K.L.:
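Quick one: the structure is below, questions incoming.
This is a predicted model, so every value here is computed, not measured. The sequence lines fix the lettering, A, B, ..., with proteins before strands; numbering per chain opens at 1.
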There are 2 protein chains.
Amino acid sequence: MTQVKENSTIQENKKLAHEECPVTYVMEKIGGYWKPIILFHLLAGSKRYGELRKSIPGITEKMLIQHLKQLEADDLVIRIAKPVVPPHVTYSLSKSGTALGPVLYAMAVWAVKDSKENNKPFFKDLEGFPPIGKQV
Amino acid sequence: MTQVKENSTIQENKKLAHEECPVTYVMEKIGGYWKPIILFHLLAGSKRYGELRKSIPGITEKMLIQHLKQLEADDLVIRIAKPVVPPHVTYSLSKSGTALGPVLYAMAVWAVKDSKENNKPFFKDLEGFPPIGKQV
DNA sequence: ATTTGTACTTACTTATATGCAAGTACTTAC
DNA sequence: GTAAGTACTTGCATATAAGTAAGTACAAAT
């Protein structure tokens, strides 16, 4: 008698997972491709929307603000809009967001080392790092 | 005269991006939802396929195997198969993968702290951490 | 002959992420 | 009255990720 596999419980398991695995908790908040990149670019201090866009040339405007909104909703970044025209909006890391500094910094360190060992160093060095705690 | 926006260069920019931003480099390797979670579960030491599956109840076999193959191709994990029946396969972190330890550990630390501050502590504490360097 | 155990594999469907191109709002400067 | 400047917003198309439900291989044990 052929048994039915229980993939059906996966959805329920997934809901419980973030209560057990810390990294799962992190992924629920900053999982995906863009969020860590955006956060990294805010690590050096607050930036205006346009600055952020220029410093991440690979992202589309849609993705950028979509993720900024999400990050704001998750209390990782803070949005401050001056009521002027043309608009003036700055984004910065919240307390939670700032606390991700060590994670992002560890990533940067790994990237530099790993790319070197693969004979593809893309970054001379982490000049000016760590910017952690330098919060503007 | 209305100007055409240059979203068209995004693809080219994206190719160049990983040569400029270290976090982008990292995302190309472990971006997404599952990879960091899988790596985290290998941090404590090598595991058989089945053990890995049990320790990550939220993942489907398809995702697990697919990401394991990808991680192997990216030299982050090592697959060792004993030529026996039934099969016996173990996965462990490579040198590069092990070097991600600090990143994953920083994530775990942040998760515990952040979940506490949001009144949703999911993990008593990081008992037994760090397992870094404990490589079996 | 059938079941058991382990590590996958496959086909099909659905969901989510991302890309692309364009438009909007509002005020100041020209 | 038209252009510039900034921060979005929207609709449609495509690409990638993920879920579901099966099946396969092979030898040993029953």
Side-chain angles (χ1 to χ4, degrees), chain A residues 1-15 17 24 27-28 30-38 46-73 77 79-91, chain B residues 1-15 17 24 27-28 30-38 46-73 77 79-91:
Chain A
M1 181 194 184
T2 19
Q3 276 299 112
V4 174
K5 285 195 179 180
E6 25 36 27
N7 281 335
S8 359
T9 51
I10 295 264
Q11 294 313 306
E12 302 154 37
N13 289 336
K14 214 171 172 181
K15 286 173 192 167
T24 299
M27 289 302 110
E28 296 286 346
I30 63 164
Y33 185 84
W34 291 114
K35 284 179 184 171
I37 295 173
I38 294 170
S46 63
K47 278 186 180 167
R48 293 185 61 177
Y49 173 79
E51 293 179 298
L52 217 38
R53 172 159 41 83
K54 277 170 213 151
S55 62
I56 312 178
I59 200 171
T60 58
E61 293 206 75
K62 184 179 181 179
M63 283 301 98
L64 181 55
I65 73 131
Q66 181 175 307
H67 285 119
L68 282 172
K69 298 289 180 197
Q70 190 62 57
L71 289 168
E72 192 194 358
V77 310
R79 191 191 98 115
I80 295 174
K82 288 186 191 171
V84 295
V85 146
H88 184 106
V89 179
T90 57
Y91 290 91
Chain B
M1 181 195 184
T2 20
Q3 275 298 112
V4 175
K5 286 197 178 178
E6 22 41 23
N7 282 333
S8 358
T9 50
I10 295 261
Q11 292 314 307
E12 301 153 38
N13 289 337
K14 213 168 170 182
K15 286 173 191 166
T24 299
M27 287 303 110
E28 296 286 346
I30 63 165
Y33 184 85
W34 291 115
K35 284 179 185 170
I37 295 173
I38 295 171
S46 63
K47 278 187 180 166
R48 292 184 62 176
Y49 173 80
E51 293 179 298
L52 215 38
R53 173 158 41 83
K54 277 169 214 153
S55 62
I56 313 177
I59 200 171
T60 58
E61 294 206 76
K62 183 183 179 178
M63 283 300 98
L64 180 55
I65 242 277
Q66 182 175 309
H67 286 119
L68 282 172
K69 297 290 179 197
Q70 190 62 55
L71 289 169
E72 191 193 359
V77 310
R79 192 190 97 115
I80 296 174
K82 288 185 191 169
V84 295
V85 146
H88 184 107
V89 178
T90 58
Y91 290 91

K.L.:
So, do A:Ile38 and A:Val77 sit near enough that their side-chain heavy atoms are less than 4.5 Å apart?
P.N.:
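When only atoms from C-beta onward are counted, A:Val77 and A:Ile38 do not touch, as no gap falls below 4.5 Å.
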
K.L.:
The side chain of B:Tyr33 is closest to which nucleotide in this list: D:dC8, C:dG5, D:dA18?
P.N.:
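Closest nucleotide among those given: D:dA18.
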
K.L.:
Would you compute the distance between atom CZ of B:Arg48 and atom NZ of B:Lys82 and round it to the nearest 0.5 angstrom?
P.N.:
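Answer rounded to 0.5 Å: 7.5 Å.
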
K.L.:
Could you summarise the pairing of DNA chain C as dot-bracket text, marking Watson-Crick and G-U pairs under 3.5 Å with ( ) or [ ] inside the strand and | across strands?
P.N.:
||||||||||||||||||||||||||||||

K.L.:
Quick one: which of C:dC8, D:dT6, D:dC8 gets closest to the side chain of A:Pro87?
P.N.:
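Minimum distance to the A:Pro87 side chain belongs to D:dT6.
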
K.L.:
Atom OH of A:Tyr49 and atom C1' of C:dA25: how far apart are they, to the nearest Å?
P.N.:
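Going from A:Tyr49 (OH) to C:dA25 (C1'), I get 15 Å.
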
K.L.:
Return the polar atom pairs (N/O with N/O) between nucleotides 11-13 of chain D and the protein under 3.5 Å, or none.
P.N.:
residue : atom : partner : partner atom : Å
D:dG11  : O6   : A:Lys62 : NZ           : 3.3
D:dC12  : N4   : A:Lys62 : NZ           : 3.2

K.L.:
Please report, rounded to the nearest Å, how far the P atom of C:dT18 is from the CD atom of A:Glu61.
P.N.:
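Distance, rounded to whole Å: 16 Å.
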
K.L.:
Kindly compute the distance separating NE2 (A:His67) from CG (A:Leu52), expressed to the nearest 0.5 Å.
P.N.:
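Nearest 0.5 Å value for the NE2-CG distance: 12.5 Å.
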
K.L.:
How many angstroms lie between atom CD of A:Gln70 and atom CD1 of A:Ile65, to the nearest 0.5 angstrom?
P.N.:
11.5 Å

K.L.:
So, is A:Thr60 close to the C:dG19 phosphate, meaning a side-chain N or O under 4.0 Å from OP1 or OP2?
P.N.:
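Looking at the OP1 and OP2 atoms of C:dG19, one of them is under 4.0 Å from a side-chain N or O of A:Thr60.
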
K.L.:
How do B:Arg53 and A:Met63 order along DNA chain C: which one's closest nucleotide is nearer the 5' end?
P.N.:
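Mapping each residue to its closest nucleotide by heavy atoms, the 5'-most match is B:Arg53.
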
K.L.:
Output the distance between atom CH2 (B:Trp34) and atom OG1 (B:Thr60), rounded to the nearest 0.5 Å.
P.N.:
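B:Trp34 atom CH2 to B:Thr60 atom OG1 measures 7.5 Å (nearest 0.5 Å).
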
K.L.:
Does D:dA18 have its OP1 or OP2 closer than 4.0 Å to a side-chain nitrogen or oxygen of B:His67?
P.N.:
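It does, given that an N or O in the side chain of B:His67 lies less than 4.0 Å from OP1 or OP2 of D:dA18.
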
K.L.:
A:Arg79 or A:Val85: which one's nearest nucleotide on DNA chain D is closer to the 5' end?
P.N.:
A:Val85

K.L.:
Grab the CD1-P distance between A:Ile59 and C:dA17 for me, whole Å please.
P.N.:
13 Å

K.L.:
Between A:Arg48 and D:dG5, does any side-chain N or O lie under 4.0 Å from OP1 or OP2?
P.N.:
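Negative; the distance criterion is not met.
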
K.L.:
Determine the contact category for B:Lys82: base if any of its heavy atoms lies under 4.0 Å from a base atom, sugar-phosphate if only primed atoms, P, OP1 or OP2 are that close, otherwise nothing.
P.N.:
nothing

K.L.:
Any donor-acceptor pair under 3.5 Å linking the side-chain atoms of B:Tyr91 with those of B:Glu51?
P.N.:
no

K.L.:
Can you measure A:Trp34 atom CH2 to D:dA17 atom P for me and round it to whole angstrom units?
P.N.:
14 Å

K.L.:
Mind checking whether A:Ile37 and A:Ile59 have side chains closer than 4.5 Å, heavy atoms only?
P.N.:
no

K.L.:
About how many Å separate OH of A:Tyr49 and CZ of A:Arg79, when rounded to the nearest 0.5 Å?
P.N.:
11.0 Å

K.L.:
Between D:dA17 atom C1' and B:Gln70 atom CD, what is the distance in whole Å?
P.N.:
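In whole Å, D:dA17 C1' lies 13 Å from B:Gln70 CD.
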
K.L.:
The side chain of B:Val89 lies closest to which of these nucleotides: D:dC8, C:dA7, C:dT18?
P.N.:
C:dA7

K.L.:
What I'd like to find out is whether the side chain of A:Gln66 reaches to under 4.5 Å of the side chain of A:Met63, using heavy atoms alone.
P.N.:
yes

K.L.:
Distance check needed: D:dA18 P versus B:Gln66 CD, whole Å only.
P.N.:
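Rounded to whole Å, this separation is 8 Å.
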
